[in-house]
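For reference, the structure discussed in these notes is given below.
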Amino acid sequence: MTISTYNTRTGKKEPLATIKENHVNLYVCGITVYDYCHLGHARSTLVFDMIVRYLRYRGKTVTFIRNFTDIDDKIIKRAAEQNTTTEELSNRFIQAFHEDMISLGNLTPDLEPKATEHIPEIIELIETLMAKELAYETEGDVYYRVERFPHYGALSGRNLDDMMAGARIAVSAKKENPMDFALWKSSKPGEPTWESPWGPGRPGWHIECSAMSKKYLGDTFDIHGGGKDLIFPHHENEIAQSEGASGKPFVNTWIHHGFVTIKDEKMSKSLGNFLTIREMLERYPAEILRLFVFSAHYRTPLDFTDQAMHDAETGLDRMYSCLAAVAGLPQSGSGASAIGKKDRQKLEKLEERFCQALDNDFNTAQALGHIFDVVKTINKITHHLPENPGQEDLDLLTKSSNTLKRVGEILGILQQEPVAYLQAKQQKVLASLEISPAEIDNLIAQRNRARDEKNWDRADQIRAELLVKQIEIKDSASGTTWQVKI
RNA sequence: GGCGGCAUAGCCAAGUGGCUAAGGCAGUGGUCUGCAAAACCAUUAUUCCCCAGUUCGACUCUGGGUGCCGCCUCCA
């Protein structure tokens with residue numbers, strides 16, 4: 001089995017070929033740190049978290065780099081507004097980002113380089129471009145000469161003439177061509193600056209990714225990722241910079257994920273229709289958010305609704321209930337096997353089917369379908385298990401439950417103790433209710449007395465009373481149990 | 001205007017040139033129960049936006065149309 005990925009560069013799904021066998025060098029564009037991250041950023045980190053986990057699961061070693069852009073116009077502006085330094089501001093939001101990552105349960109990249117810590121590398125790269133006449137200096141600014149780079153626009157499928165026709169580019173007298181972009185910007189008084197051959201200034205937006213990826217991964221590496229909105233101009237410009245300087249191919253595989261939308265509109269800072277990760281996690285546990293994000297393929301838009309979150313939550317409860325049921329089975333039995341061939345196969349093939357789905361361009365939606373399919377099968381089996389089950393069947397159920405947890409780990413779900421998960425959930429809701437367990441037990445005792453007297457009206461009345469307070473009761477041969485209605 | 005993507009049941013969402021069009025949520029009928037709940041069983045798209053073409057055969061390929069979204073300015 002080979003892993004195939006959709007490559008933006010070629011526009012096709014293709015087998016993932018790496019430069020070094022069984023090693024993947026991955027560079028993901030991180031955030032510009034001037035504010036809290038929203039759900040769209042969360043999707044980005046979750047998607048690459050899953051990809052890294054899966055590649056490692058499939059036996060590859062992965063060098064995972066995600067940068068911080070900690071100097072740019074927005075940071076300068078925001079710092080001025082808050083009467084602080086760009087350094088303080090960016091450090092504050094890097095810290096916030098790290099907190100968010102921990103809350104989301106994401107792995108930490110192997111390296112999280114910052115632009116401001118790579119100024120010498122950036123200057124060196126610009127000097128190379130200057131020497132090749134791919135860049136020019138005007139009044140302390142340095143621009144990239146896009147007309148000199150023959151493949152400019154190849155990644156995003158545009159050409160310079162079309163883009164100029166679009167004419168949405170602010171024409172600057174300093175530029176030879178309106179499409180030329182800044183590599184180095186001269187600084188205004190009061191702005192953070194670094195010394196350079198072109199005078200005091202700071203790097204442009206795109207150059208740090210070229211400089212840092214080169215430093216840590218070399219001129220050519222395996223996968224470069226980010227949101228679809230980075231294809232143009234950010235990644236296009238990175239290619240122009242890196243390939244212009246090195247003369248070698250920059251990246252073999254480009255992976256771009258889709259946006260999170262609200263009411264089918266892109267969630268973005270400029271539209272103001274965003275929900276920060278923090279706000280989100282106050283409302284829903286991270287595991288539910290992960291399930292929601294992975295319920296759609298990473299390249300399609302993902303529309304956020306409370307209904308969708310509710311669906312994810314119900315689905316997760318279903319998975320944990322299934323795991324809890326298996327955990328509650330006896331350890332041993334001496335009966336005959338009762339699991340049919342078809343069901344047995346379904347359970348045994350889970351891992352294989354899960355991998356097939358993820359091999360196919362990380363199709364998490366399909367993979368989750370297989371998980372639910374197995375959950376359904378396990379539920380069916382446990383429900384029909386005879387009083388003295390077969391040892392073989394018990395072993396298969398335990399094994400399947402472990403497989404569920406193992407594949408769940410790739411998505412960052414199902415890692416809690418199932419019984420504890422369900423209890424914690426009950427308790428959380430219970431804490432917000434206006435009834436104590438003692439009161440509930442008291443009412444159930446009263447109801448059971450009524451039932452013994454066959455006073456069904458009274459019994460039903462108590463049950464209805466409890467239900468109003470979100471308490472559901474279950475009568476069974478071994479007594480009455482209750483749970484919070486979720 | 002240029003470039004790209006999407007359109008599958010009430011909602012969400014996979015998928016394939018021909019075998020039953022996954023799965024989740026919601027709904028309905030049944031088993032169980034004093035009645036319920038939970039769980040389980042069954043059931044819910046003769047059909048995949050519309051039109052034309054290619055093909056023995058298309059939802060899947062080609063062309064056209066419609067609608068929605070994104071990028072072209074900062075953006076994950």
Side-chain angles (χ1 to χ4, degrees), chain A residues 8 11 28-32 34 37-48 69 72-74 77 153 156-159 161-170 179 205 225-234 236 256-261 264-271 274 291-292 295-297 299-303 305 307-316 318-319 321-322 325 353 357 360 363-376 379-384 451 454-457 459-460 463-464 466-467 471-477 480-483 485:
Chain A
T8 310
V28 176
C29 283
I31 52 159
T32 301
Y34 70 105
C37 286
H38 60 62
L39 209 42
H41 302 111
R43 184 185 196 187
S44 179
T45 63
L46 254 29
V47 163
F48 288 106
T69 298
D72 104 312
D73 292 351
K74 292 192 295 290
K77 187 167 169 250
S156 52
R158 322 157 187 240
N159 61 60
D161 293 342
D162 289 345
M163 286 189 276
M164 307 253 247
R168 280 224 277 165
I169 313 111
M179 291 307 296
W205 172 32
K228 276 185 168 161
D229 47 2
L230 294 183
I231 296 172
F232 189 91
H234 186 54
E236 201 70 75
H256 292 103
H257 64 261
F259 306 126
V260 174
T261 59
D264 292 323
E265 253 188 348
K266 182 185 171 187
M267 181 179 283
S268 72
K269 287 270 160 77
S270 43
L271 286 170
F274 61 88
L291 189 57
F292 163 65
S295 69
H297 182 84
R299 280 191 285 116
T300 64
L302 179 66
D303 200 48
T305 58
Q307 177 65 44
M309 294 303 290
H310 166 265
D311 290 357
E313 181 164 15
T314 314
L316 190 67
R318 188 174 158 79
M319 289 183 193
S321 301
C322 171
R353 292 207 296 159
N360 184 13
N363 194 336
T364 52
Q366 192 175 52
L368 280 170
H370 296 324
I371 288 181
F372 277 115
D373 203 23
V374 162
V375 165
K376 194 198 223 172
N379 280 343
K380 188 171 80 179
I381 294 168
T382 51
H383 190 261
H384 292 291
R451 291 174 74 213
K454 300 217 188 294
N455 184 352
W456 307 125
D457 285 348
D460 291 352
R463 183 172 60 201
L466 282 165
L467 193 59
I471 304 299
E472 277 176 339
I473 54 179
K474 290 189 214 186
D475 296 324
S476 71
T480 303
T481 57
W482 59 270
Q483 63 173 16
K485 190 182 177 198

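Naming convention: chains lettered A, B, ... in sequence-line order (proteins, then strands); numbering from 1 in each chain. For clarity, every value in this text was computed on a predicted model and none was experimentally measured.
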Span that lies between the P atom of rG29(B) and that of rC50(B), in whole angstrom: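 So the two P atoms sit 32 Å from each other.
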Same-atom distance (C1') from rG24(B) to rA13(B), integer angstrom: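 rG24(B) and rA13(B) have their C1' atoms separated by 8 Å.
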Please determine, for [N], whether a Watson-Crick or G-U wobble partner exists with both distances under 3.5 Å, and give it or none.
| N | value |
| --- | --- |
| rC68(B) | rG5(B) |
| rU20(B) | none |
| rU31(B) | rA39(B) |

Answer with base, sugar-phosphate or nothing: what part of the nucleic acid does [X] contact at a heavy-atom distance below 4.0 Å?
| X | result |
| --- | --- |
| H370(A) | nothing |
| D72(A) | nothing |
| G153(A) | nothing |
| K474(A) | base |
| V28(A) | nothing |
| I231(A) | nothing |
| G369(A) | base |

Would you mind reading off the distance between [X] atom [atom1] and [N] atom [atom2], rounded to a whole angstrom?
| X | N | atom1 | atom2 | value |
| --- | --- | --- | --- | --- |
| F292(A) | rG24(B) | CZ | P | 18 Å |
| H38(A) | rC74(B) | NE2 | P | 16 Å |
| I371(A) | rG23(B) | CD1 | P | 14 Å |
| D373(A) | rU20(B) | CG | P | 17 Å |

Extract from the structure each pairing of a protein N or O with an N or O of nucleotides 31-35 of chain B at less than 3.5 Å, listing the distance.
{"unit_1": "rG34(B)", "atom_1": "O6", "unit_2": "R447(A)", "atom_2": "NH2", "d": "3.1"}
{"unit_1": "rG34(B)", "atom_1": "O6", "unit_2": "R451(A)", "atom_2": "NE", "d": "3.4"}
{"unit_1": "rG34(B)", "atom_1": "N1", "unit_2": "D460(A)", "atom_2": "OD1", "d": "2.9"}
{"unit_1": "rG34(B)", "atom_1": "N2", "unit_2": "D460(A)", "atom_2": "OD1", "d": "3.2"}
{"unit_1": "rG34(B)", "atom_1": "N2", "unit_2": "D460(A)", "atom_2": "OD2", "d": "2.8"}
{"unit_1": "rC35(B)", "atom_1": "O2", "unit_2": "R463(A)", "atom_2": "NH1", "d": "3.2"}
{"unit_1": "rC35(B)", "atom_1": "O2", "unit_2": "R463(A)", "atom_2": "NH2", "d": "2.3"}
{"unit_1": "rC35(B)", "atom_1": "N3", "unit_2": "R463(A)", "atom_2": "NH1", "d": "2.5"}
{"unit_1": "rC35(B)", "atom_1": "N3", "unit_2": "R463(A)", "atom_2": "NH2", "d": "3.4"}
{"unit_1": "rC35(B)", "atom_1": "N4", "unit_2": "D475(A)", "atom_2": "OD2", "d": "3.0"}

Between CG on residue D73(A) and OH on residue Y34(A), distance to nearest 0.5 Å: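 Answer for the CG-OH pair, D73(A) versus Y34(A), is 11.5 Å.
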Point-to-point distance, once rounded to the nearest 0.5 Å, from CD1 of I31(A) to NE2 of H41(A):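 I31(A) CD1 to H41(A) NE2: 6.5 Å, rounded to 0.5 Å.
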Side chain of F372(A) - closest among rA76(B), rC40(B), rG23(B):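 Of rA76(B), rC40(B), rG23(B), rG23(B) is nearest to the side chain of F372(A).
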Pairing of D373(A) and K376(A) as salt bridge, 4.0 angstrom limit: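 Here D373(A) does not pair with K376(A) in a salt bridge, since their nearest N and O are not under 4.0 Å apart.
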Pairwise N/O distances under 3.5 Å, protein to nucleotides 3-13 of chain B:
{"unit_1": "rC3(B)", "atom_1": "O2'", "unit_2": "G157(A)", "atom_2": "O", "d": "3.2"}

Below 4.0 Å: OP1/OP2 of rA39(B) and any side-chain N or O of N379(A):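 N379(A) to rA39(B) OP1/OP2: no side-chain N or O under 4.0 Å.
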Distance below 4.0 Å between K376(A) side-chain N/O and rC41(B) OP1 or OP2: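 For K376(A), the contact criterion (side-chain N or O under 4.0 Å from OP1 or OP2 of rC41(B)) is not met.
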